Amino acid sequence: MGYNFKKIETKWQKKWEQKKIFEVKESKKKKYYVLDMFPYPSGEGLHIGHAFVFSLGDIYARFKRLQGYNVLYPIGYDSLGLPAENAAIEAGEHPLKYTEKSMKNFMKQQKAMGWSYDWSRLVMSHNPEFYKWDQWIFLKMLDKGIAYRNKAPVNWCKKCKTVLANEQVVEGKCWRHDDTDVEIKHLEQWFLKITNYAEDLLKGLDKIDWPDNAKKRQRNWIGKSHGTEIDFKVNNKKWKIFTTRPDTVYGVTFMVISAQHEKLKDLVTKEQKKDIEKFLKRIKSVSEKEMADLEKEGVFTGSYASNPINNEKIPIYAGNFVIADYGCGMVMAVPAHDQRDFDFAKKYKIEIKQVIDGKRIGQQAHIGSGKLVSSGKFNELNNEKAKEEISKFLVSKKLGRKVVQYRLKDWLISRQRYWGTPIPIIYCNECRIVPVPEKDLPVELPKEVKFGRGNPLLTNEKFVNVKCPKCGAKAKRETDTMDTFANSSWYMYRYSDPKNKKEIFDKKKVNYWAPVDKYIGGPEHITMHLIYTRFYTKFLKDIGLLKFDEPALEYFTQGIINAEDGSKMSKSKGNVVEPFDIIKKYGADSLRLYLVSSSAADSDFDWNENGMQSNFNFVRRVYDYFTKLKFGKTDTIIESKLNQTIKQVTMDVEEFKHNLAIIKIRKLFDYLAGKSIDKKTAESFLSMLHIYCPYVAEELWEKIGNKEFISVARWPAADNRKINEKLEKQEQAVEKLIEDIGHIKKLTGKKDAQVYVYVLPNELKIYREVKNIKIFVVNDKKKYDPENKSKKVKPGRPGIYLE
RNA sequence: GCAGGAGUAGCGAAGUGGCCAAACGUGCGAGACUCAAAAUCUCGUCUCUUAGUGAGUUCAGAGGUUCGAAUCCUCUCUCCUGCACCA
């Protein structure tokens, strides 16, 4: 006897697997798609964060399944990527071998956790059958002008030895190496024109149910701003300048071009060449991060621009604070009304020309609003109004236009690394850029490569040297691979039809299952994966494959689990909690229960071994109770409490408030403990428990005489008619009485005293069952009441006398 | 700088106008059971007081609205997170 979780858990794991109860097919039933972000299978195995987030998904999938939905809950591996390549190099092992080993380990641990995946739909991005469709999508994008090749300033991480997307640069550092500054290089690379979808990406946010914070971060990332593009003349050529403040155009006293701007050299005069070169050299040695804290600096280029509104001659500076690829890479500077421009002007003693009335300009620019001055025919206009009027004027003279500017940049997807999807392109001297014909897909990653210097794919000559598909001449294959975020941008659709060899997926199938109804994953993906996948979805809809344009209707971000002392778990600190160790000690059921019981699922919490232990104790108590249970009648008060619990737990689970749901389940159990119940009550209780503790629930479900699995049984429905609040109040009154008696005993020290209780006539039936008391009705003349306690009796509050 | 979130008993964490001295868990204390421990069960755990009570002071701080505030409003402080020389 006793709770042998090891035995129970392996038993049901096997049974679920044999009977394939979590495998699903399209049907007439209403579908529900629950998805956890597929993990990158690292060699370290599951970490506690995985255990938490996947448990959240599983709990919800189990809940929806019992509610009668046709639930798709698949799993896969984001198995391409740099970490595998790096780890493999370190271990002197091929990435493929390393990855396969890691996945095997992952699978074992995932199965141990009791997650109810449909394993038949397993998807792995390193499988050529999968990445073939990455390449296929790429070709479609090329066809539609969404994929393009361009030379541009790009982010380079010297540790990753590859370029990075804009989203992968965090505070000027590489997202994988927070100690490594990102360098700017000018390279020719492949881009995806995500900016074409900027507006759709923004608008789509209004129709999906995501946390406000996630939506705001995406809006912020897309960064839409309205402004005016004004044509300045530089060396007799038109230069477009973007501004959100056309009202200050009369106050422009200098221009600043980004020091990283490609065309900077065209503007530098002979006299200024030395100065500029010195300047560039100096700011190059400064990291991006430091640059942000740096003072605004610049050097005169020797060139002048002409202001189209008044033909004033304006000096052009090269500056360290202008971003090359936002707007036009050059700004019109209005020191009187912009703090940065002001600081710059002060430093280099450039004229400051006030064009908006109001505050006098002393140590600070005047950012606020006011009437225009020194602005020709626009004087006296309020500056907000002037924005409109000046724009209109410029438009009418064909000197400018109103534009919308986005902060979002096109997605740079080329990576100079091996363990990714090969970009299906061939370069021919004659035909130039030639896409690999669809029939030749997939372009497989060759196994034979040398790791070490540069891109490993360059070391396989067979791979590199090919014939041009168009003209047959000698040609070279593209050796860059795709950013792994390309794989994760559409994997959720492949689950709908994972083994399809002819198509990316069957349209009917994908449109039955997708979009994802509940997507669960960490907040770190909001400005990367979740932007990319929304973009891919919109593209796939545009080419007619999908009927919807948002990948996930609801999205839930889980919190982070910290170490016991509140610090981040990290290997170097030695405070990492390994889920597999916990399973061995307490079992998966208790771990699952603990993970969601200590706080709301979307807030961070600290690991606490006591809490873990206490949840284990609870599971064991439940086990003991049900194994010893002999069915009897469920009394009306238990019925009432049960139905109330069902009602509340259903609502809490729906909102991912598992901590609250579990409190209610525990309360109900505390009430049940020691009492006899009927089979239906037992079943309802176990069904609720099952989403958290599936193994022990299956075991007890079987013990109480069921042949089918609880994992595919039914969620109990709350019967409001059985909720009897009056009865529960009476129950509470009885408890209060017993408590009061105990209290008095303690205060007086009369431990073994005889207890006399005096009640109102109509309340006699409520208290009659209380044990070890002598009960009298207040108007009973024969009652024993030496201290006249019956005089103080009020409704709901009996009198007590101890002797 | 901009944006978002948070501050409740030793700790974690519910509670968003009256049923709140504030659920629940954990920790701590007392007791029961036990040879003993674990588990389990009972009680207590802001302060004072008390035959089951009563009173006082509380929900980051300061004001305010209200018959009534942890909850609504204003300001301030602290912490976390994201974005950031974005023109």
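Just so we're on the same page: letters track the sequence lines, and every chain starts at 1. Computed from a prediction, not measured in an experiment: that's the story for all the values here.
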Given A/N608, A/N610, A/N575, A/D606, the one that forms side-chain contact (heavy atoms from CB on, under 4.5 Å) with A/E564: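 Filter result, single survivor: A/N608.
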
Nearest to side-chain heavy atoms of [X], which nucleotide of [options]:
{"X": "A/V170", "options": "B/A87, B/C83, B/A51", "answer": "B/C83"}
{"X": "A/L660", "options": "B/A51, B/G15, B/U26", "answer": "B/G15"}
{"X": "A/L747", "options": "B/A84, B/G52, B/U26", "answer": "B/G52"}
{"X": "A/R621", "options": "B/U40, B/G44, B/C24", "answer": "B/U40"}
{"X": "A/A600", "options": "B/G4, B/A14, B/U26", "answer": "B/A14"}
{"X": "A/F321", "options": "B/A39, B/G52, B/C85", "answer": "B/C85"}
{"X": "A/D740", "options": "B/A23, B/C83, B/G52", "answer": "B/G52"}
{"X": "A/N220", "options": "B/U50, B/G82, B/A87", "answer": "B/G82"}
{"X": "A/E739", "options": "B/A14, B/C85, B/G44", "answer": "B/G44"}

When A/K657 and A/K746 are each assigned the nearest nucleotide of RNA chain B, the 5'-most assignment goes to A/K657

Taking for A/D338 and for A/T527 the nucleotide of RNA chain B with the nearest heavy atom, the one nearer the 5' end belongs to A/T527

Send over the distance from [X] [atom1] to [N] [atom2], rounded to a whole Å.
{"X": "A/Q260", "N": "B/C85", "atom1": "CD", "atom2": "C1'", "result": "12 Å"}
{"X": "A/F618", "N": "B/A39", "atom1": "CZ", "atom2": "P", "result": "17 Å"}
{"X": "A/Y758", "N": "B/A51", "atom1": "OH", "atom2": "P", "result": "18 Å"}
{"X": "A/N320", "N": "B/A84", "atom1": "CG", "atom2": "P", "result": "17 Å"}
{"X": "A/R217", "N": "B/G5", "atom1": "CZ", "atom2": "C1'", "result": "12 Å"}
{"X": "A/I665", "N": "B/A14", "atom1": "CD1", "atom2": "C1'", "result": "16 Å"}

Describe the nucleic acid contact of [X] in one word from base, sugar-phosphate, nothing, applying a heavy-atom distance below 4.0 Å.
{"X": "A/P798", "answer": "base"}
{"X": "A/L802", "answer": "base"}
{"X": "A/R620", "answer": "sugar-phosphate"}
{"X": "A/V334", "answer": "nothing"}
{"X": "A/K667", "answer": "sugar-phosphate"}
{"X": "A/Y801", "answer": "base"}

[atom1] atoms of [N] and [M], separation to the nearest Å:
{"N": "B/A32", "M": "B/A13", "atom1": "P", "value": "36 Å"}
{"N": "B/U71", "M": "B/U58", "atom1": "P", "value": "13 Å"}
{"N": "B/G56", "M": "B/G64", "atom1": "C1'", "value": "24 Å"}

Applying the 3.5 Å cut-off to both distances, the Watson-Crick or G-U partner of B/U58 turns out to be none

Below the 4.0 Å mark, does [N] have OP1 or OP2 next to a side-chain nitrogen or oxygen of [X]?
{"X": "A/N213", "N": "B/G5", "answer": "no"}
{"X": "A/R407", "N": "B/A87", "answer": "no"}
{"X": "A/K745", "N": "B/G31", "answer": "no"}
{"X": "A/Y326", "N": "B/A87", "answer": "yes"}
{"X": "A/N617", "N": "B/U40", "answer": "yes"}
{"X": "A/T243", "N": "B/A87", "answer": "no"}

Regarding A/Y671 and A/E731, is there a side-chain donor-to-acceptor distance under 3.5 Å anywhere?
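On atom types as modelled, these side chains qualify, holding a pair under 3.5 Å.
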
Exercise for the section: Answer yes if the side chains of A/E728 and A/N724 hold a donor-acceptor pair under 3.5 Å, and no otherwise. Expected result: no

**OP:** May I ask you to check whether over 12 heavy atoms, not counting those of A/N772, lie within 6.0 Å of atom CG?
**Re:**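 Incorrect, the count does not exceed 12.
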
Does A/K729 NZ have over 12 foreign heavy atoms under 6.0 Å away?
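Counting other residues, nucleotides and ligands, NZ of A/K729 stays at 12 neighbours or fewer.
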
When A/Y594, A/W607, A/F605 are each screened for ring pair (Phe, Tyr, Trp, His ring centres under 6.0 Å) with A/F52, the one that passes is A/F605

Is the charged tip of A/K789 near the ring of A/Y801: under 6.0 Å from the six-membered ring centre and within 45° of its axis?
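No, a cation-pi geometry is absent between A/K789 and A/Y801.
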
